[in-house]
Each structure stands twice: as structure tokens, then as C-alpha cells.
Colleague: 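The structure follows.
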Amino acid sequence: MEVLKTLIIGSGPAGYTAAIYAARADLKPVLYTGMEPGGQLTTTTEVDNFPGYPEGVDGPTMMVQLQQQAERFGTEVRLEMIEKVVLSKTEGGVHKAFTASGTELQAKTIIISTGATAKYLGLPSEQRLRGGGVSACAVCDGFFYKGQEVAIVGGGDTAAEEATYLANICTKVTMLVRKGEMRASKAMQHRVNNTPNIDLRYNSEIDEVLGDQVVEGIRIINNQTQETEEILITGLFIAIGHKPNTELFKGQLDMDDSGYIITKGKSTKTNLPGVFASGDVQDKEYRQAVTAAGTGCMAALDAERYLQHIED
Ligand code: NDP
């Protein structure tokens, strides 16, 4: 069986940037895209903050271009999932990965760029109306609710940022925070409090999302008084955090309490030799395309140095 120099798992900006660098360093990377080729950015419309695109670029286009750039240098991109890994604990050891169709792969280095997935509340009515007015990305979907009334759930920096973003587009934003305080930074809270069309509701949770085919409203409950209220809205945004896609590596790699892979110091090294992590899977703080791409570059350089070291 062929032993790959570098196997990359994941196809967001981190995975493709790792692939560009690894391919140029002649590591002949093979990249498995997973179920959502291109990752979270494929659900974004306009990306205006990635350097080098003065007019902005839409997310799916950017991901196709990143793939083409990785392939130009010889990356082999495979549209499949890795379902299982058996990671070696010894330096110079060979890591094993198994695809959804049962193929076994062996690799001297693995770069993990499996990203993170938005969390949802888990209400049946919310799940039913995903794509019918329930979204986990205000920046992606807010535009569709221009001039309408919407609600957002969450009290962290993401919710605060997205609430102010929506307030620019929509006539009214009801913001539901389940505790009596927000977790967001003081600066973000200040911004929310100073936006007149954000109606901030503390101790408030969603009991049910109303509507058959599309969102028509929400029934909220005050968790202190148990009082319920119906609010008419057309869009509901969930901003309650993300879950890193690390199920595959549980029990083998060191992770923090939230399941993010822990990397060493300023590197992308994990606790196992030859296994590197880049992008949102190891970053709950910045979560930007450009920072993910930066750590993808670092992972490829770390992998190259590791291979040189074990081959010396
Ligand atoms: P956080 O985990 O920080 O916040 C999640 C929020 O959602 C909390 O208010 C939490 O409430 C609430 N929540 C969680 N589950 C539920 C639920 N089931 N029902 C209702 N509410 C729920 O996630 P963020 O995505 O906001 O931020 C992640 C990280 O990214 C943070 O470190 C943040 O600082 C950073 N970030 C920074 C930005 C910036 O600086 N510009 C922008 C965006 C993010 P509770 O407090 O009660 O647990």
C-alpha cells in the first residue's frame, strides 16, 4: 500500500492553503473534502474581508479558486469522507485513515482541517424550518430579510455582532439572551445597547418557531416568570456558538473542554508526532477565512519540517 507523505482532511480555507503549500513543497498531498466541499464559506454570499479581493468575492467562487490553486501544484482532491483514523503515537510512525467507502490510507503526516459546525437549539420546529427562515449565519442570509422583522438567539460576541449587522438591514431585531446578562465583550454589548432597533430580551428562550413552510413568528418564554409571548418575524438567526468537527479524533488527540484540538505553542502540532491541526478545528477565537488560511500554511510548513526531520 502506498504511504502518502501528507493526507489533508477538510476543504475549507485551512485545508486548501495547507494543500497549496504542501504541493509546492513536493509532499504530493491528497485532500479529502468531506461532505461539504469548500466548508462553511460555501454557505456565505459575499466575502469582503479576504485580502486581495478589492471588490469582494462570493464564498463558493473563492473556494473553487482555492481548490484550483491547490490542484495546479498537484494536490489530489477526493470528494469523500474520512470515517475513521488510527493515529500512530511514535515518531516516524504511519497513520491510518479509512474512507467512507472502506479504502484504507496510510500517511506519514496528517493535516486536520475539518472545521466547525454551527450549533442549533434542537427544537423540532427549528429543524423543520431550517432553510425556510431559520439560519445560523446572519452575514450569509440577512440580506433576504431586508426591511423585515427578525430575531436572533445568543448572548456571545457572534450574536452581538450579527444583531448589529441585521439591525442595519432589517426594521427590527429581537435579541434573545437566555441569562440575565450577555457573555459578549463590553464593547459589543455597548454597541447592541446603542442600536435603537434591537429589542434586547434577557432571560428569554424560544419555546417554538411558528410557521408551516416558512418562519412566521416565535413563541418565547421568560425563564424567570414563565410568561410566554408570540412575536411576528420572518427570519430567525441562531448564534449560540459552534461545535468543532473532531468526533473522528476523540480519544486520540488532546482537546479542550469544548472539543477543539489543542495545538502546541505557536505551531499547528498536536500531541501526536506527524499530526497537525489548522483552521476552525483548533481555533474558537478568530474563526476567519484568513486566519484559517494562515494556520493551513503553518500546518504544511510544520509537516514539511517533520518529514525532513524523520528522514534525516
Ligand atoms: P459563545 O460560546 O461565546 O456564546 C454563545 C452564546 O450562546 C452564549 O450567550 C450562550 O449563553 C448562548 N447559548 C448557548 N447555547 C444556547 C441555547 N441552547 N439557547 C440559548 N442560548 C444559548 O459563542 P460565540 O460564537 O458568540 O463566540 C465564540 C468565540 O468567538 C468567543 O470567544 C468570542 O469572543 C469570539 N468572537 C469574537 C468576535 C470579535 O471579537 N469580533 C466575533 C465573534 C466571536 P450562555 O452565556 O448562557 O452560556
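What's counted below: heavy atoms across the whole structure, side chains too, no hydrogens, waters or symmetry copies. Atoms within a ligand are numbered from 1 in the order they appear, just like the ligands themselves. All residue numbers in this chain count up from 1 along the given sequence.
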Colleague: Taking C-beta and beyond as the side chain, do Ile220 and Thr174 meet within less than 4.5 Å on heavy atoms?
Modeller: no

Colleague: Would you check if there is a donor-acceptor pair between the side chains of Gln69 and Arg72 at a distance under 3.5 Å?
Modeller: no

Colleague: Which atoms of ligand 1 have any heavy atom of Gly155 under 4.0 Å away?
Modeller: 6 (C), 7 (O), 8 (C), 9 (O)

Colleague: At less than 4.0 angstrom from any non-hydrogen atom of Leu121, what atoms of ligand 1 do you find?
Modeller: 17 (C), 18 (N), 19 (N)

Colleague: Please verify whether a non-hydrogen atom of Glu205 lies at under 4.0 Å from ligand 1.
Modeller: no

Colleague: Between the side chains of Thr99 and Arg78, does any donor sit under 3.5 Å from an acceptor?
Modeller: no

Colleague: Give the atom numbers and elements of ligand 1 that come within less than 4.0 Å of a heavy atom of Glu285.
Modeller: 30 (O), 35 (C), 36 (N)

Colleague: So, regarding Arg178 and ligand 1 (criterion: nitrogen or oxygen to nitrogen or oxygen, under 3.5 Å), is there a contact or not?
Modeller: yes

Colleague: So, Lys108 and Glu311, do they make that salt bridge, N to O below 4.0 Å?
Modeller: yes

Colleague: Could you find the nearest protein heavy atom to atom 27 (O) of ligand 1 and give me its residue, atom name and distance?
Modeller: Thr158 OG1, 3.6 Å

Colleague: To check your reading of the model: name the closest protein heavy atom to atom 31 (C) of ligand 1, its residue, and the distance in Å.
Modeller: Lys284 O, 4.2 Å

Colleague: Hey, are Arg219 and Asp207 close enough for a salt bridge, meaning a charged N less than 4.0 Å from a carboxylate O?
Modeller: yes

Colleague: May I ask you to identify, for Met182, whether its side chain, its backbone, both or neither come under 4.0 Å of ligand 1 on a heavy-atom basis?
Modeller: neither

Colleague: Under 4.0 Å from a heavy atom of Lys179: give me the atoms of ligand 1 that qualify, with their elements.
Modeller: 45 (P), 46 (O), 47 (O), 48 (O)

Colleague: Starting from atom 23 (O) of ligand 1, which protein heavy atom do you reach first, and at what distance in Å?
Modeller: Gly241 CA, 3.7 Å

Colleague: Would Gly156 count as being in polar contact with ligand 1, using the rule that some N or O on each side must be under 3.5 angstrom apart?
Modeller: yes

Colleague: Would Thr117 and Asn245 count as having a side-chain donor-acceptor pair, cut-off 3.5 Å?
Modeller: yes

Colleague: Could you walk me through whether Tyr32 and Leu105 satisfy the side chain to side chain contact (heavy atoms under 4.5 Å, CB included) test, starting with their C-alpha distance in whole Å, then the side-chain angles of each, then the deciding distance to 0.1 Å, before giving a yes or no?
Modeller: CA-CA 11 Å; Tyr32 277 76; Leu105 303 155; 3.5 Å; yes

Colleague: Identify, for atom 33 (C) of ligand 1, the protein heavy atom at the shortest distance, and state residue, atom and that distance.
Modeller: Asp157 OD2, 3.4 Å

Colleague: So which heavy atom in the protein is nearest atom 22 (C) of ligand 1, and how far is it from that ligand atom?
Modeller: Ile240 CG2, 3.4 Å

Colleague: Considering only heavy atoms from C-beta outward, does the side chain of Val77 approach that of Tyr16 to under 4.5 Å?
Modeller: yes

Colleague: How far is atom 41 (N) of ligand 1 from its nearest protein heavy atom, and which residue and atom name does that atom have?
Modeller: Glu161 OE2, 2.9 Å

Colleague: Evaluate the side chain to side chain contact (heavy atoms under 4.5 Å, CB included) criterion for residues Val209 and Val215: first the C-alpha distance (whole Å), next the side-chain angles of each, then the deciding distance (0.1 Å), finally the verdict.
Modeller: CA-CA 7 Å; Val209 188; Val215 172; 4.0 Å; yes

Colleague: Nearest to atom 2 (O) of ligand 1, what protein heavy atom do you find, and at what distance?
Modeller: Arg183 NH1, 3.3 Å

Colleague: Taking atom types as modelled, is there a side-chain donor on Thr109 or Thr6 under 3.5 Å from an acceptor on the other?
Modeller: yes

